[in-house]
Structure formats: C-alpha cells, structure tokens
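Excluded from the calculations below are hydrogen atoms, water molecules and symmetry mates; all remaining heavy atoms, backbone and side chain alike, are included. Letters A, B, ... mirror the listed sequences (proteins, then strands); counts begin at 1.
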Amino acid sequence: MISTYQRIYAVVRRIPRGRVATYGQVAALAGLPGQARLVGYALHALASGTAVPWQRVINARGTVSARGTQSGGALTQRMMLEREGVAFNGAGRVSLDRFGWKPTGKRPAAGRDSR
DNA sequence: ATGCTGACTATGT
DNA sequence: TACATAGCCAGCA
C-alpha cells in the first residue's frame, strides 16, 4: 500500500540531476496541490537508505530550508547541489529560472542567463 | 478520538 | 525584498 509520502518520494525521484524543484511543485505533482508542508514533512520522515534525491527539493524562495535538528544539514545539501551543477548566488539562493525542474519536459532553452 | 507539531506557500503591509 | 498571519494534511502522544 502506498502512502501519501510514497507518492511524494516518487515525484522527487523523478527530478533530474542538476535540477531543483520546489515543495509546492512536488506537492502538485504528487497530487497534493497546496500541501507543500506535507512534502517537507515527508522528506523529514524520509528513512535513511531510501534512494530519494531530497537534496533537489528546496523552498519557493530558491533557498534551502533548515530542518530543526541536524544543524548544518542545509549546508551539506547546498554543497551537494553545487556538486551537481546547481549554482547559488551570494544570498545563498538558486535561480529557479535556470535550475527549476520543468515536469512538463519543457526546458528554458539550454544556456539562458536572465540577469 | 482529540490536539500539537512540522524541511511550506500565498497574500498583505 | 522582508516580516507577519492564515490555511493545509499527515503522523505521533
């Protein structure tokens, strides 16, 4: 039996490397429009060992959300994303316009700088 | 069964 | 752009 969480994990697993998706985005794809909190909570409850690129899931602001415990975990996540090719600006934010994952398969044309 | 908490988002100031 | 407030669902005590 698949729980709501399993659904979220499935969506997150579909995020290609070098791309990031917002909680709201994943929530909508998982069939939970507006329930971004559940996505974050699901990832929090994510058991170690589960193959889910939770690191590619960030908030709508393009920043990495901090999780109560495990201080610095967000920092590690940021490092992993940079390793995949995701660039962070001085404010520690990611340009969703360039690295935001397009579930529709549509891509903002390769190599497109907006600013 | 009820109540609280939680990796969020949208809107208003 | 940043801060504050309201709404939402699932899991645990």
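- Computed from coordinates, the A:Q35 CD to B:dG6 C1' distance equals 14 Å when rounded to whole Å.
- Protein chain A contacts DNA chain C from C:dA2 to C:dG11, reading 5' to 3' and using non-hydrogen atoms of the protein with a distance under 4.0 Å.
- Within a 6.0 Å sphere centred on CZ of A:R83, heavy atoms belonging to other residues, nucleotides or ligands number 12 at most.
- In this structure A:S65 satisfies the side chain to side chain donor-acceptor pair (under 3.5 Å) test together with A:N59, sequence neighbours excluded.
- For the pair A:R37 and A:Y23, the NZ or CZ position fails the cation-pi test of under 6.0 Å to the six-membered ring centre and within 45 degrees of the ring normal.
- Every residue two or more places apart in sequence or in another chain was checked for a side chain to side chain contact (heavy atoms under 4.5 Å, CB included) with A:A60, and none qualifies.
- The residue A:R93 sits close only to the backbone: its heavy atoms come under 4.0 Å of sugar-phosphate atoms, none of a base.
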Please tabulate, one pair per line, each protein N/O and nucleotide N/O from nucleotides 8-11 of chain B that are separated by under 3.5 Å, including the distance.
unit_1: B:dC8; atom_1: OP1; unit_2: A:S65; atom_2: OG; d: 3.1
unit_1: B:dC8; atom_1: N3; unit_2: A:R37; atom_2: NE; d: 2.9
unit_1: B:dC8; atom_1: N4; unit_2: A:R37; atom_2: NE; d: 3.1
unit_1: B:dC8; atom_1: N4; unit_2: A:R37; atom_2: NH2; d: 2.5
unit_1: B:dT9; atom_1: OP1; unit_2: A:A60; atom_2: N; d: 2.5
unit_1: B:dT9; atom_1: OP2; unit_2: A:A60; atom_2: N; d: 3.2

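- The side chain to side chain donor-acceptor pair (under 3.5 Å) test applied to A:E84 returns A:Q55, A:R56, not counting sequence neighbours.
- Shortest non-hydrogen contact noted between A:G24 and A:A36 is N-CB, 3.8 Å.
- Considering only residues two or more places apart in sequence or on other chains, A:T22 meets the side chain to side chain contact (heavy atoms under 4.5 Å, CB included) condition with A:Q25, A:L96.
- Minimum interatomic distance between A:R19 and A:W101 (heavy atoms only, all atoms of both residues): CG-CA, 3.7 Å.
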